[in-house]
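Each remark here refers to the structure printed beneath this line.
No experiment lies behind these values; they were computed from the predicted model shown.
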Amino acid sequence: MSELVYYDLKRSTKMTPSLSVQVARELGRRIVAGSIESGALIDDENALAERFQVSRVVVRDAVKILVGKGLLDVRRGIGTKVRPRNEWILLDDDVLAWHITATPRADFINQLMDIRLAFEPKAARWAAERATEEDIAEIDKACKGMEEETGSIEKFIVADALFHKAMLRAAHNEFLNAMEGVIYSALLVSVRITNQDPRKNSDSVAFHREVYEAVAAGDGDKAEQLTEKLLTDAIRRLKENFNVER
């Protein structure tokens with residue numbers, strides 16, 4: 001599953017990224033994938049400029065981008081070093097997107113699912129209590145998209161992501177909207193781990209429909225319980241396919 005799906009879900013700009021952004025993304029992917037380990041020095045400006053066939057100014061700007069995301073640390077007289085993973089800004093859209101094509105990490109998946117379990121069931125409760133007619137229609141639309149999609153795994157995953165996005169929006173809490181990226185990353189990485197067509201998982205589709213019906217009925221207790229059940233089932237399938245320990 002391509003990280004471009006993540007950017008599409010986030011509705012990131014469609015303009016061609018600048019050279020500095022392209023270089024930052026290439027270096028960022030390698031750091032997240034572990035090809036460049038924490039604590040290691042990256043090549044100097046001249047070497048990077050030659051490798052990517054860009055100017056030193058472009059390289060310098062790319063490094064600044066990664067410094068801003070917590071991935072790099074520039075020290076005068078020492079060089080540019082990869083910062084420890086616990087100092088990365090993991091909720092940054094690019095950092096989340098780069099995990100999609102990297103080799104899946106059990107600890108990263110565990111933490112993503114921990115966050116989802118902590119926030120989404122409560123968001124479902126609030127959605128049942130606060131959703132407008134437009135919110136409910138949007139959730140229903142995404143649910144139908146999951147039920148009806150038979151031709152494309154990617155489109156199914158997008159419909160799934162849009163379902164959870166609509167649920168967060170229906171909770172009418174601005175801080176929850178910032179959690180969209182965690183959901184997108186978790187869904188896209190999960191597809192790589194389970195290595196199966198998610199459209200064939202009829203139980204999951206049925207769970208989503210039940211959650212929608214609870215929200216539409218204004219039943220906060222049921223919406224919260226069903227969402228927790230939905231996520232617990234997702235964790236179970238991840239453990240079966242990836243041997244993720246919790």
Side-chain angles (χ1 to χ4, degrees), residues 5-6 8-11 90-93 96 99 108-149 155-191 193-194 198-241 244-246:
V5 178
Y6 179 98
D8 286 343
L9 284 166
K10 292 292 293 187
R11 296 182 178 177
L90 288 174
L91 290 180
D92 179 90
D93 282 337
L96 284 170
H99 278 89
F108 178 71
I109 296 299
N110 277 336
Q111 291 173 58
L112 280 180
M113 298 310 294
D114 283 344
I115 293 298
R116 295 191 66 189
L117 271 172
F119 287 97
E120 288 189 70
K122 189 62 68 176
R125 171 182 286 277
W126 292 335
E129 296 170 351
R130 306 170 183 173
T132 65
E133 291 184 5
E134 291 78 9
D135 294 329
I136 292 173
E138 199 65 26
I139 298 169
D140 184 35
K141 178 182 177 181
C143 199
K144 288 177 179 176
M146 293 177 65
E147 294 168 340
E148 297 171 359
E149 181 53 55
K155 289 181 179 179
F156 179 90
I157 293 299
V158 168
D160 191 349
L162 291 177
F163 174 91
H164 292 280
K165 175 180 181 177
M167 290 289 294
L168 293 183
R169 293 294 174 91
H172 292 279
N173 182 305
E174 291 181 348
F175 291 99
L176 283 176
N177 294 339
M179 302 305 299
E180 289 175 5
V182 171
I183 295 172
Y184 301 156
S185 185
L187 287 171
L188 295 171
V189 172
S190 295
V191 171
I193 294 172
T194 58
R199 295 168 298 175
K200 296 178 181 178
N201 186 5
S202 58
D203 288 344
S204 176
V205 176
F207 282 161
H208 286 76
R209 172 55 64 181
E210 286 184 273
V211 172
Y212 158 74
E213 291 172 350
V215 171
D219 190 336
D221 287 339
K222 188 174 183 180
E224 182 174 359
Q225 292 166 7
L226 287 172
T227 301
E228 185 170 345
K229 180 181 178 182
L230 171 66
L231 294 173
T232 300
D233 178 69
I235 291 170
R236 174 187 60 78
R237 287 183 280 113
L238 283 170
K239 289 176 66 176
E240 290 175 352
N241 288 272
V244 175
E245 299 295 336
R246 295 191 64 81

Closest non-hydrogen atom pair between L188 and I157, with its separation: CD2-CG2, 3.6 Å

Are the side chains of L9 and L162 in contact, using a 4.5 Å heavy-atom criterion? yes

Find the distance between NZ (K222) and CD (E213) and round it off to the nearest 0.5 Å. 7.0 Å

Value rounded to 0.5 Å, distance of CZ in R130 from NE2 in H172: 8.5 Å

NZ/NE/NH1/NH2 to OD/OE distance under 4.0 Å, E180 and R169: yes

What closest approach, in Å, do A123 and L176 show between heavy atoms, and which atom pair accounts for it? CB-CD1, 3.7 Å

Tightest non-hydrogen contact, residues P121 and R116, listed as CD-O, 3.4 Å

Scanning both residues in full, the closest heavy-atom pair of H99 with F108 reads CG-CZ, 3.4 Å

Output all residues satisfying ring pair (Phe, Tyr, Trp, His ring centres under 6.0 Å) with F119, sequence neighbours left out; order by chain, then residue number. none

Flag the pair V5 / Y184 as yes when at least one side-chain heavy-atom distance between them is below 4.5 Å, and no otherwise. no

Answer whether the closest heavy-atom distance between the side chains of E228 and T232 falls below 4.5 Å. yes

Would you please test V158 and D8 for side chain to side chain contact (heavy atoms under 4.5 Å, CB included) and show each step? CA-CA 9 Å; V158 168; D8 286 343; over 6 Å; no

Could you tell me whether D140 and K144 have a side-chain N and a carboxylate O separated by less than 4.0 Å? yes

Atom of A142, atom of A159 and distance for their closest heavy-atom approach: CB-O, 3.7 Å

Please name all residues satisfying ring pair (Phe, Tyr, Trp, His ring centres under 6.0 Å) with F163, sequence neighbours left out, ordered by chain then number. H208

Tightest non-hydrogen contact, residues A128 and A214, listed as CB-O, 4.3 Å

For the CD atom of Q225 and the CD atom of E210, what is their distance to the nearest 0.5 Å? 11.5 Å

Just so I know, are the side chains of L230 and H164 near enough to count as touching, which here means a heavy-atom distance under 4.5 Å? yes

So, does T227 use its side chain to make a donor-acceptor pair with the main chain of A124 at under 3.5 Å? no

Take K165 and I183 through the side chain to side chain contact (heavy atoms under 4.5 Å, CB included) test and state the conclusion after the steps. CA-CA 8 Å; K165 175 180 181 177; I183 295 172; over 6 Å; no

Separation between CD1 of I235 and CG of L112, rounded to the nearest 0.5 Å: 10.5 Å

Can you tell me how far CD1 of I115 sits from OG of S185, rounded to the nearest 0.5 angstrom? 12.5 Å

Rounded to the nearest 0.5 Å, how far apart are CD1 of I136 and CE of M167? 10.0 Å

